[in-house]
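First the structure, in the form of C-alpha cells, and then the observations on it.
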Amino acid sequence: MLMSVNVVYKTTARATGGRDGSAETTDKSFHVKLGVPKEMGGDGKGNNPEQLFAAGYAACFLGAMKFVAGEEKIDIPADTHVQATVGIGPRGDGGFGLEVAIEASIPGMDRSKAVELLKKTEFVCPYANATKGNIKTTVTLV
C-alpha cells in the first residue's frame, strides 16, 4: 500500500543523451556531464547516475539523522559523516539492479546509542523509505 505524502518541495531534472549525455535541473541550478564508467564499457569521463544516487542518498541519510537527533535532543558531532556505495549489475532474472551500502561514522557517540539513532534514521530517511524492499540495502555504523 502506498503512503500518502504531503509534498512540500519538488524539483525536476532533464537528461539528454542517456548515460553519455548530460543532465540538469529545469531551473538550471545544477548541470552535470554524464559518462559511462570504464567497468561498463565507457571511457570513465563524466559522472554517472550511480554516483549521483550515492551522493544524494548519503546527504539525505545524514540530513535525516540530524533531524532525528534534533527531535531526540541528541548532539551529533560536527565530523559525523555518511558514505553511500551504490552498485549496479545484471539481475538474475534479466535487466539491471542496484544495491546500496550505507556506512555512518558518528565519532565519540556511545555505540548502542548510535545504532539506535541509525535505526530511527532508516525509518525517517526518504531515500531509505523509497528503496526499502526494492533493493538490497545495508546500513553499518563504522
Side-chain angles (χ1 to χ4, degrees), residues 1-40 42 44-142:
M1 179 170 86
L2 292 178
M3 286 261 198
S4 66
V5 176
N6 180 19
V7 175
V8 296
Y9 171 76
K10 288 184 181 183
T11 188
T12 304
R14 178 180 301 123
T16 305
R19 284 183 167 272
D20 56 358
S22 65
E24 66 182 3
T25 54
T26 55
D27 67 2
K28 309 288 188 212
S29 66
F30 175 78
H31 179 87
V32 63
K33 180 189 175 321
L34 300 172
V36 179
K38 288 181 180 181
E39 297 85 349
M40 295 176 67
K45 295 180 182 173
N47 295 103
N48 60 67
E50 292 71 38
Q51 291 171 320
L52 301 174
F53 187 53
Y57 204 142
C60 188
F61 197 89
L62 183 52
M65 187 188 311
K66 288 175 144 184
F67 173 82
V68 171
E71 292 285 304
E72 303 214 351
K73 310 287 190 264
I74 298 170
D75 289 328
I76 295 289
D79 54 349
T80 295
H81 67 270
V82 172
Q83 178 172 296
T85 302
V86 174
I88 184 172
R91 296 184 331 193
D93 60 353
F96 293 88
L98 299 173
E99 62 179 40
V100 176
I102 299 290
E103 294 179 337
S105 173
I106 312 171
M109 185 177 281
D110 173 77
R111 183 163 186 82
S112 63
K113 192 174 183 180
V115 168
E116 184 64 26
L117 177 61
L118 291 180
K119 286 180 183 175
K120 290 177 180 177
T121 299
E122 281 186 87
F123 180 78
V124 170
C125 176
Y127 276 57
N129 282 313
T131 60
K132 189 182 304 176
N134 298 316
I135 63 174
K136 178 183 174 189
T137 303
T138 58
V139 176
T140 307
L141 178 65
V142 294

(message) I'd like to check Pro107 versus Thr80 (side-chain heavy atoms, cut-off strictly below 4.5 Å). Are they in contact?
(response) yes
(request) Of all the heavy-atom pairs spanning Arg91 and Gly97, show the shortest one and how long it is. (result) CG-N, 3.5 Å
(request) Could you tell me which non-hydrogen atom of Ala69 sits nearest to which non-hydrogen atom of Leu117, and how far apart they are? (result) N-CD1, 4.0 Å
(message) Does Lys132, at its NZ atom, have more than 12 non-hydrogen atoms belonging to other residues, nucleotides or ligands within less than 6.0 Å?
(response) yes
(message) Is the ring pair Phe53/Tyr57 parallel, tilted or perpendicular, if the boundaries are 30 and 60 degrees?
(response) perpendicular
(request) Check the surroundings of atom NZ in Lys33: do more than 12 heavy atoms from other residues, nucleotides or ligands lie under 6.0 Å from it? (result) yes
(request) Flag the pair Val139 / Lys119 as yes when at least one side-chain heavy-atom distance between them is below 4.5 Å, and no otherwise. (result) no
(request) Please lay out, stage by stage, how Met65 and Ile106 fare under the test side chain to side chain contact (heavy atoms under 4.5 Å, CB included). (result) CA-CA 10 Å; Met65 187 188 311; Ile106 312 171; 3.7 Å; yes
(message) Rounded at 0.5 Å granularity, tell me how far OG1 in Thr138 sits from CD1 in Ile102.
(response) 8.0 Å
(request) Kindly give the heavy-atom pair with the smallest separation between Leu118 and Phe61, and that separation in Å. (result) CD2-CE2, 3.8 Å
(message) To check you understand the geometry: which heavy-atom pair defines the closest contact between His81 and Leu62, and what is its length?
(response) CA-CD2, 4.5 Å
(request) For Arg14, look at atom CZ and say whether over 12 heavy atoms of other residues, nucleotides or ligands are found less than 6.0 Å away. (result) no
(message) Return the CZ to CG distance between Arg111 and Leu141, rounded to the nearest 0.5 Å.
(response) 4.5 Å
(request) For Asp20 and Gly17, work out which heavy atoms get closest and say how close. (result) OD1-O, 2.7 Å
(request) Inspect the contact between Glu71 and Lys120 and indicate whether a charged nitrogen and a carboxylate oxygen are less than 4.0 angstrom apart. (result) no
(message) Donor-acceptor check, side chain of Asn47 to backbone of Gly35, threshold 3.5 angstrom: yes or no?
(response) no
(message) How close do Leu34 and Gly18 get, counting heavy atoms only, and between which atoms?
(response) CD1-O, 3.4 Å
(request) Without swapping roles, check the side chain of Thr25 against the backbone of Phe30 for a donor-acceptor pair under 3.5 Å. (result) yes
(request) Examine distances only and state if a side-chain atom of Glu116 and a backbone atom of Lys113 form a donor-acceptor pair shorter than 3.5 Å. (result) no
(message) Within a 6.0 Å radius of atom CG on Asp93, are there more than 12 heavy atoms belonging to other residues, nucleotides or ligands?
(response) yes
(message) Nearest 0.5 Å, please: how far is CD in Glu99 from CD1 in Ile135?
(response) 8.5 Å
(message) Nearest 0.5 Å, please: how far is CD1 in Ile88 from CE in Met40?
(response) 4.5 Å
(message) Can you tell me if Asp75 has over 12 outside heavy atoms packed within less than 6.0 Å of its CG?
(response) no
(message) Could you measure the distance from the OG1 atom of Thr16 to the CD atom of Glu24? Nearest 0.5 Å is fine.
(response) 7.0 Å
